[in-house]
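Just so we're on the same page: letters track the sequence lines, and every chain starts at 1.
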Amino acid sequence: QQPVQSPQAVILREGEDAVINCSSSKALYSVHWYRQKHGEAPIFLMILLKGGEQKGHDKISASFNEKKQQSSLYLTASQLSYSGTYFCGTESAYTGNQFYFGTGTSLTVIP
Amino acid sequence: EAGVAQSPRYKIIEKRQSVAFWCNPISGHATLYWYQQILGQGPKLLIQFQNNGVVDDSQLPKDRFSAERLKGVDSTLKIQPAKLEDSAVYLCASSLTAGVGLSEQYFGPGTRLTVT
């Protein structure tokens, strides 16, 4: 039930863009995105709900394809502070709000 | 507002010993989660509470792990007896929503457990 993320790792230069993908085999009600820096707890970035509602930070965008059970996180004009591991989290549509984090994507932004 | 509190922050025990972790969620948050995060991996959900009830404990090794949430507020996670593979960071998180459609999760600082 764990969602699968791609790529596993990516290295960017400051100012470059990146896309992180998340795919689930289950029908989803929502997709969440979190970022975790080394030695710290995950920090909330965004929620995308079935039906199109979104909640999150202004500088981060994401999409949610309900039919394909897929979501993508778009990081534009990357900054050094964007470095960390990004996790999607999925809430299943039919089984009582069960929540699972994805496999993770390590993002490194270099000067 | 105060964040999610966890204690202890670090714990070192020998295998076959017992250990307990405590979590105090953000006031008013109905949903509480316990995660196990092994180094280099994503958080793995152990148990999810909604108020007093358990929503999901399918990945909790019930022969050795137990958790409770008293009065829908504080929660404790216990391991008895511990194994070497239990070495990990145990994260507690809470979120506001009590119905369908989870709100964002706020994480505590975690407890780093080392089993020797």
*Should Glu104(B) and Tyr34(A) count as side-chain neighbours, where that means a heavy-atom distance under 4.5 Å?*
yes
*Taking atom CD1 of Ile38(B) as the centre, report whether more than 12 heavy atoms of other residues, nucleotides or ligands fall under 6.0 Å from it.*
yes
*Give, for atom CG of Leu45(B) and atom CZ of Phe101(A), the distance between the pair rounded to the nearest 0.5 Å.*
9.0 Å
*Does a sphere of radius 6.0 Å around CD1 in Ile12(B) hold more than 12 heavy atoms from other residues, nucleotides or ligands, not counting ones at 6.0 Å or beyond?*
no
*If you round to the nearest 0.5 Å, how far is CD of Gln105(B) from CD1 of Ile47(A)?*
8.5 Å
*Would you find more than 12 non-hydrogen atoms of other residues, nucleotides or ligands less than 6.0 Å from Gln8(A) atom CD?*
no
*Could you look at Gln37(B) and say if it's the side chain, the backbone, both or neither that has a heavy atom under 4.5 Å from chain A?*
side chain
*Do you know the tightest heavy-atom contact between Gly108(B) and Ala41(A)?*
O-CB, 3.3 Å
*Hey, what do you get for OG (Ser58(B)) to OH (Tyr100(A)), rounding to the nearest 0.5 Å?*
3.5 Å
*Please work out which of the three classes, parallel, tilted or perpendicular, describes the rings of Phe99(A) and Tyr35(B), given edges at 30° and 60°.*
perpendicular
*So does Lys15(B) have more than 12 non-hydrogen atoms from other groups sitting under 6.0 Å from NZ?*
no
*Should the heavy atoms of other residues, nucleotides or ligands under 6.0 Å from NZ of Lys62(B) be counted, would the total exceed 12?*
yes
*Which bit of Gln5(A) is near chain B, if near means a heavy-atom gap under 4.5 Å: side chain, backbone, both or neither?*
neither
*ILVMFWY cluster, Ile20(A) and Leu80(A) together (side-chain gap under 4.5 Å)*: yes
